[in-house]
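Since the structure comes first, as structure tokens, the remarks are kept for the end.
Remember, predicted model here, so these are calculated numbers, not experimental data. Below, chains carry the letters A, B, ... as their sequence lines are ordered, and counting in each starts from 1.
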2 protein chains.
Amino acid sequence: MSTHNKLFNNIRRYVSLSDEEKAGIIEICTESRIKKRQFIEQPGYVSGYRNYVIKGAFRSFFLSNEGKEHTVQIAIDDWFVSDFYSYITQTPATLFVEALEDSLILRMPYGKIEPLCKQYHSLSEYFRVTTEKAFAYSRNRTLSNISKSAEERYLEFLGMYPDMAQRIPQKIIASYLGISPEFLSKIKKNLT
Amino acid sequence: MSTHNKLFNNIRRYVSLSDEEKAGIIEICTESRIKKRQFIEQPGYVSGYRNYVIKGAFRSFFLSNEGKEHTVQIAIDDWFVSDFYSYITQTPATLFVEALEDSLILRMPYGKIEPLCKQYHSLSEYFRVTTEKAFAYSRNRTLSNISKSAEERYLEFLGMYPDMAQRIPQKIIASYLGISPEFLSKIKKNLT
DNA sequence: AGTTTATGTTAACCTAGATTAAGAGATTTT
DNA sequence: AAAATCTCTTAATCTAGGTTAACATAAACT
């Protein structure tokens with residue numbers, strides 16, 4: 001299956017595309033191979049792309065004043081990843097986006113997506129509906145962060161993203177949950 | 001100014017509407033007066049509306065197993081408020097949405113917004129762009145929650161929503177920040 | 001106006017989770 | 001394959017923030 005078809009299969013879950021629209025999308029995408037540990041975004045640079053993960057794994061994270069890493073998002077196959085705040089506001093990023101595995105992505109530039117959304121109703125609908133969904137899920141995470149214990153959040157994470165638990169190093173999962181790796185170790189011990 | 005015009009002014013910041021589109025939107029909105037302390041959404045019932053606050057204040061909150069309240073969102077004039085997860089997935093709500101003042105809202109039913117977004121490209125664009133923006137800001141809150149101290153989050157809140165600090169009871173702000181009201185009291189004392 | 005009920009403050013004590021440090025396994029690099 | 005560099009675990013100690021309780025204020029109801 002071509003890389004574009006992987007994206008189209010995803011889009012097809014929400015809207016149907018004409019051949020003209022497909023051609024328009026193919027035209028703005030560029031395929032890119034990313035090596036493990038490579039950064040595709042860094043603080044200081046404006047995030048110029050929606051990055052669709054064809055195959056691989058990424059995380060976005062943030063370096064606190066004390067030099068500690070905080071993982072904001074973990075993305076595997078068929079997720080979009082970027083410093084979304086930077087992308088949307090077109091202001092310099094505060095997040096790193098780093099490949100956790102050798103990966104293959106499609107990059108869709110902001111400057112081309114926006115006109116294309118204005119031009120094609122179905123593309124606008126696709127991003128409207130998927131962003132609404134992403135936002136709804138992110139609300140749930142906010143809710144967990146303010147109301148649940150670290151152990152409860154870990155169990156929730158396992159239930160929600162079982163594939164990631166296998167694939168992603170624990171210290172990154174800990175930093176996604178907002179706890180120290182040592183404490184995650186303790187939690188896992190308590191669970192068995 | 002009519003209540004619909006207040007909404008149209010907001011929409012105009014992102015897209016322009018034809019008269020036909022305006023009429024279509026007016027047709028699906030119903031105006032509603034809500035008394036202080038009244039609930040417009042409750043756990044167990046599917047959230048059927050995007051509620052646009054013309055005038056007033058609301059919060060959405062969640063009751064933990066231990067019976068504690070956790071405020072997810074605070075909304076004043078010109079914000080939308082609902083149990084967004086319930087609205088998007090059309091599954092029963094887990095949140096309450098409660099008026100903090102006597103308020104006036106426009107209710108836009110899910111079953112009518114969705115077809116209208118399919119029909120009118122500009123309305124689809126409006127919700128795409130505003131939801132993308134809301135999502136970007138919500139990412140920032142997630143980030144604060146996992147990386148900042150309670151005092152830092154309080155200062156950030158003050159900077160971001162200075163009007164709310166005046167208008168909203170402190171115990172609700174505390175529950176929005178994910179801390180106890182007593183601890184917020186302590187923080188405020190330390191700051192002066 | 002006076003009584004109830006909700007909100008905010010202060011202080012003493014208590015826990016979830018952080019930090020530090022040291023050792024054991026894994027992975028990478030040479 | 002050894003050396004170097006990460007990742008994970010365990011245990012001791014420490015701290016941000018929670019809990020409880022008592023009192024002070026301010027709203028809301030009669």
Check the distance between [N]'s [atom2] and [X]'s [atom1] and give it to me in whole angstrom.
X	N	atom1	atom2	value
B:Leu100	C:dT7	CG	P	10 Å
B:Ile187	C:dG8	CD1	C1'	14 Å
A:Glu182	D:dT15	CD	C1'	16 Å
B:Lys188	C:dA11	NZ	P	16 Å
A:Leu184	C:dA18	CG	P	10 Å
B:Phe183	D:dT19	CZ	P	12 Å
B:Asn145	D:dG17	CG	C1'	14 Å
B:Leu191	C:dG8	CG	C1'	16 Å

Would you say a side-chain N or O of [X] is under 4.0 Å from OP1 or OP2 of [N]?
X	N	result
A:Lys186	C:dA16	no
A:Lys189	D:dA11	yes
A:Lys68	C:dT19	yes

If you count heavy atoms of other groups shown closer than 6.0 angstrom to [atom1] of [X], is the number above 12?
X	atom1	answer
A:Tyr14	OH	yes
B:Arg167	CZ	yes
A:Phe39	CZ	yes
A:Lys6	NZ	yes

Quiz item: Does the separation of the ring centres of A:Phe157 and A:Tyr176 fall below 6.0 angstrom?
Solution: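 Yes, they do, as the ring centres are separated by less than 6.0 Å.
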Worksheet item: Under 6.0 Å between the ring centres of A:Tyr49 and A:Tyr87?
Response: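 Centroid separation for A:Tyr49 and A:Tyr87: 6.0 Å or greater.
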Side-chain contact test, heavy atoms from C-beta onward, threshold under 4.5 Å: evaluate it for B:Gln90 versus B:Tyr110 and give yes or no.
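The answer is yes; the side chains approach within 4.5 Å.
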- Can you tell if the side chain of A:Val53 reaches within under 4.5 Å of the side chain of A:Asp78, non-hydrogen atoms only?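 Heavy-atom side-chain distance check fails, nothing below 4.5 Å.
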Query raised in the report: Side chains of B:Glu21 and B:Ser122: donor-acceptor distance under 3.5 Å anywhere?
Result: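 Judged by distance alone, the side chains do pair up.
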**Prompt:** For the helix from C:dA1-D:dT30 to C:dT30-D:dA1, how many degrees between its two end axes (five pairs per end), to the nearest 10°?
**Reply:**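 The angle, to the nearest 10 degrees, is 60°.
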### Message
The side chain of B:Ser185 is closest to which nucleotide in this list: C:dT9, D:dT10, D:dG18?
### Response
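Nucleotide nearest to B:Ser185's side chain: C:dT9.
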Between A:Thr71 and A:Gln73, is there a donor-acceptor pair closer than 3.5 Å when you use the side chain of the first and the backbone of the second?
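Side chain of A:Thr71 to backbone of A:Gln73: no pair is present.
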Give each protein N/O atom lying under 3.5 Å from an N/O atom of nucleotides 24-30 of chain C, with the pair distance.
unit_1 : atom_1 : unit_2  : atom_2 : d
C:dT28 : OP1    : A:Lys36 : NZ     : 3.3

Practice prompt. Identify, residue by residue, the members of residues 161-175 of chain A with a heavy atom below 4.0 Å from DNA chain C, and return them in order of residue number, or none.
Written response: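 Within residues 161-175 of chain A, no residue comes under 4.0 Å of DNA chain C.
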Margin query: The test is side chain to side chain donor-acceptor pair (under 3.5 Å); show your working for B:Ser138 and A:Ser138 and say whether it passes.
Written below: CA-CA 8 Å; B:Ser138 121; A:Ser138 122; 2.8 Å; yes
(message) Which label fits A:Tyr137 and B:Tyr85: parallel for a plane angle under 30°, tilted from 30 to 60°, or perpendicular past 60°?
(response)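 Rings of A:Tyr137 and B:Tyr85: perpendicular, as their planes differ by over 60°.
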